[in-house]
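Structure record follows, encoded as structure tokens.
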Amino acid sequence: MTSPLQQKIKITGPSVVTANRTWDGVVIYRTAAKNWTTDLSEAAIVREVDEARALLAEAAADDLGAIGAYIAPVEIGDDGAIEPGNLREQIRSEGLTIGLPVPA
Amino acid sequence: MYAYDELDRTLINERVSEFRDQVRRRLSGELSEDEFKMLRLQNGVYLQLHAYMFRVAIPYGTLSSKQLRQLAHVARRYDRGYGHFTTRQNIQFNWIKLTDLPDALADLAEVGIHAMQTSGNNTRNVTSDQWAGVAPGEIEDPRIWSELLRQYTTLHPEFSFLPRKFKFAITASEHDRAAIKVHDIGLRLHKNAQGETGFEVLVGGGLGRTPFIGKTIKPFVAGRDLLSYVEAILRVYNQYGRRDNIYKARIKILVHELGIEKFAKEVEQEWLQIRDGALALDDAVIEEVRSRFTYPVYENLPNLPEELKKAAHDPKFEAWRKNSVFPHKVPGYAIVTLSLKPVGGPPGDATAEQMDAIADLAEKYSFGEIRVGHEQNLALPHVAKRDLPMLWRALDRIGVATPNINLVSDIIACPGLDYCSLANARSIPIAQEITRRFANHETANLIGRLHINISGCINACGHHHVGHIGILGVEKNGEEFYQITIGGRADEHAVVGTLIGPAVRYGEVADVIEDIVEAYLALRANPDELFIDTVKRLGVEPFRERVYATR
Amino acid sequence: MPLVKNGQISDDPFVHVADGAELPADGAILIPAARFLEDPETLLRRAGKTGVVWPNNRDIDDLVPYLDRLAAVALVFPSFRDGRAYSQARLLRERHRYRGELRATGQVLRDQFVFMLRAGFDTFEVKKESDAEAFAATAKRYSVFYQPTGDGRITALNRRMQLRHSESAGQ
């Protein structure tokens, strides 16, 4: 397995570091306060490769708290709101694009 | 049904306690994720987009009512109230917490269900014909052998770290409902010229990035030799299978690179040294396993009971009966398939309430037994024909009597990008849209037998290569695209489908499928010529023209 | 790296001698396969015990002629995911009747102990201290085994047959 730190980092715009929480698998985002949040709007935004690499390294060091940290694209709206940058991240952030068989 | 004894129960309890300890070590930091990943995979725990996914084995697709109720309980207590039946006779729960997994496993162990080797690079759940033991004309019940293989492959000390996953499927019928030709090892029970029962052994079938149809490695292996022969194959694979490239690690690549003759020779050499060893199965051992399968005591019942004649006046019942009720080896009884493909629903999903209700109905009408098929539907295998009208009303009430078995809306689909971390594109909403387009039962019936398979990535969990129409999701510049193949099939005439042209956008898929179906209706020689036969007769070209003429 | 032998953490009498390193005149050594095969006769005549570290991608048939004179064979797990050495171990024990020390080396972790014991390993170079300490408890984790291997543990199928016989004898 290639460590996330050895992976080539390519970012084309604003990005966040995301992972899944170890104990329950829930989607989480790295914050600027070196912590995790389930709320994308609280995620730390990086724009440069070096910045991204540093945030990822620091996040991936938390092997106990989070699994599979990686850099994901986001879009910043005119109002400053953080939106997922692709369909996969949209689904991770907002949930299924279909209804659950059982209403929540 | 196979009845677990004290030994089987002890083993799965020991496995649960081992996994509980592994989870504890992971949560305490004694195990890194890198170390734990393989351990959780060996027990069916994946990490998907939103959560952990838990895959539970339903060996050879046989469940008791009690077991199905326990699956419902797990869905309700530890998940979000539903489960997803897969193409390999497993059920998946999509939202489970790692901290709850040991308890969920312990609850399942109470009814003899486990998740051992439902993922990881080991021998996976042994699958079989969902009509095993009840299909007319079967050589014998293949589940005896499936169970022998289940035990043999469970926690195997030599083959738990193979180059890649390894899947077995067994059939004992002329018509292959277990898709044995697309498995790593496919076994077909048959009788040789001397009238002895044994196995045709196929090896190296599989889908994924490089699809192959399995090749016959030995036309006849006697029952006594089954395990030693399988061990010889696994040993050759364990030693020589490629470990340098995950995409070339399946046995199909080894068989392809060596050639079937050379591979067969290696296996034969190995087998000759072990065939008379401890794995040889004497008749008494086989009988011991056979004796722990119990069968219903069938009644002497009329084949055309009054209840059925009366109900024939109801066109809705008749539509369902003609579509979803199949012949049973015992007169007066039938096999009933329960569609988990309602119009607009996710293929293969069942809610806890449905599972409980089906468990009750199985107790009332099917000797407490339920089957799971690779088409992601369920079946009640021993229904007295006189009970069909009552059963139908009950099934209809819980939404599992859609009369679309084997029709265009009986779609096989993987979870796709809505759930799966490997997926490139969504599968479920594509399936939902297609079922809406073909919601009219008369139209679907007019089209006839047509299997659509959808996979959200090249790993092919939806078996798109062998769908009559196959749909494969790919990603191009951040957008979902779908490649369409036609002419594939998964049965005894298994063949990989042919691409009809360039990939199409998400929003176009259902239109393209409609075009293909319309082309078929215009092209078929007569109303009895099935879609798959028209494609075989005419090839892909006329379908390609139709689909791309206006695109 | 702790060594577990006969179920207990023990001192390792063997010294790993790398390729190119000087060979000690006496004392027990474990030597890489390629170096061993260059001059096996001389090595087997030296004063101390000689064992071989056998890679998992080399046919063990090449080792068979020397088995009865080797003090130890170490089989390698370059990763805990790579299971080739399990096959080599069973072949050494069950086909070639090797009775000397059979050692697991490399990525040897707690959760593989039972498989390794069943395949015929009796000595373990364990990666983590905590795993070595847990050896005895882990080795006892399972009491039911479905497959016959050379370790002599009775399989579930055979136990059932025995139970049947004793039941029918008692009737």
Side-chain angles (χ1 to χ4, degrees), chain A residues 1-7 10-16 18-29 36 38-40 56 59-75 83-104, chain B residues 23 26-37 45-53 75-76 79-84 94-100 340 342 344-346 349-354 399 415-421 423-429 431-432 475 478-480 506:
Chain A
M1 196 173 87
T2 318
S3 142
L5 307 181
Q6 289 160 348
Q7 285 163 14
K10 198 177 83 180
I11 59 174
T12 52
S15 301
V16 297
T18 182
N20 291 75
R21 193 159 61 194
T22 301
W23 72 271
D24 62 354
V26 161
V27 174
I28 46 177
Y29 303 93
W36 295 102
T38 54
D39 186 349
L40 179 58
L56 180 61
D62 182 17
D63 185 65
L64 187 55
I67 312 171
Y70 63 95
I71 296 166
V74 289
E75 282 165 15
E83 299 290 342
N86 60 34
L87 178 60
R88 185 179 195 272
E89 292 308 321
Q90 183 202 317
I91 290 171
R92 286 181 79 244
S93 173
E94 295 161 19
L96 309 185
T97 65
I98 52 175
L100 285 188
V102 175
Chain B
V23 170
R26 172 69 183 115
L27 293 170
S28 73
E30 280 179 67
L31 284 171
S32 68
E33 179 58 22
D34 186 39
E35 291 164 341
F36 180 66
K37 184 177 177 184
V45 182
Y46 285 77
L47 181 68
Q48 296 292 30
L49 293 183
H50 313 279
Y52 290 98
M53 183 198 88
R76 204 177 277 124
D79 210 87
R80 295 198 182 171
Y82 67 100
H84 173 74
N94 294 297
W95 305 95
I96 204 152
K97 297 177 175 70
L98 184 59
T99 44
D100 280 342
L340 298 184
D349 280 10
T351 65
E353 286 65 34
Q354 286 174 322
L417 189 58
D418 279 292
Y419 292 98
C420 178
S421 65
N424 293 319
R426 285 172 289 167
S427 304
I428 295 169
Q432 290 173 315
E475 186 234 298
E479 206 188 325
E480 296 165 292
Y506 177 83

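Only this structure's heavy atoms are used, side chains among them; waters, hydrogens and symmetry mates stay out. Chain A is the first sequence line, chain B the second, and so forth, proteins listed ahead of strands; every chain is numbered from 1.
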Any chance you could measure A:I91, atom CD1, to B:H50, atom NE2, to the nearest 0.5 Å?
6.5 Å
When B:A350, B:G345, B:S421, B:A423 are compared by non-hydrogen pairs under 4.5 Å with chain A, the top option:
B:S421
Tell me, side chain or backbone of B:Q48 under 4.5 Å from chain A's heavy atoms, or both, or neither?
backbone
Decide whether B:D418 and A:T97 meet the rule of one side-chain donor and one side-chain acceptor closer than 3.5 Å.
yes
Please round to the nearest 0.5 Å and tell me the distance separating atom CG of B:L417 and atom CZ of A:R88.
7.0 Å
Heavy-atom check, side chain of A:T22 versus side chain of B:F36, under 4.5 Å
no
Please determine whether side chain to side chain contact (heavy atoms under 4.5 Å, CB included) holds for the pair B:W95 and A:V26, giving the CA-CA distance in whole Å, both sets of side-chain angles, and the decisive distance to 0.1 Å.
CA-CA 9 Å; B:W95 305 95; A:V26 161; over 6 Å; no
OG/B:S28 to CG/A:L64 distance, rounded to the nearest 0.5 angstrom?
7.5 Å
B:L98 and A:D24: CA distance, side-chain angles, deciding distance, side chain to side chain contact (heavy atoms under 4.5 Å, CB included) verdict
CA-CA 5 Å; B:L98 184 59; A:D24 62 354; over 6 Å; no
Keeping the roles fixed (side chain from B:Y419, backbone from A:L96), state whether a donor-acceptor pair exists under 3.5 Å.
no
Counting heavy-atom pairs under 4.5 Å to chain A, which of B:A352, B:S32, B:G478 comes out on top?
B:S32
Minimal non-hydrogen separation, A:G25 against B:Y52, with atom names:
N-CE1, 3.4 Å
One pair to check against side chain to side chain contact (heavy atoms under 4.5 Å, CB included): B:R26 and A:I67. What are the steps and the verdict?
CA-CA 11 Å; B:R26 172 69 183 115; A:I67 312 171; 4.2 Å; yes
If I measure from the heavy atoms of chain B, does A:D63 come under 4.5 Å with its side chain, its backbone, both, or neither?
both
Answer yes or no: is there a donor N or O on one side and an acceptor on the other, between the side chain of B:R426 and the main chain of A:I98, under 3.5 Å?
no
Applying a strict 4.5 Å limit to non-hydrogen atoms, the region of B:E480 in contact with chain A is side chain
Sorted by chain and residue number, the side-chain hydrogen bond (donor to acceptor under 3.5 Å, both in side chains) partners of A:R92 (sequence neighbours excluded) come out as A:T18, A:N20, A:Y70, A:E89
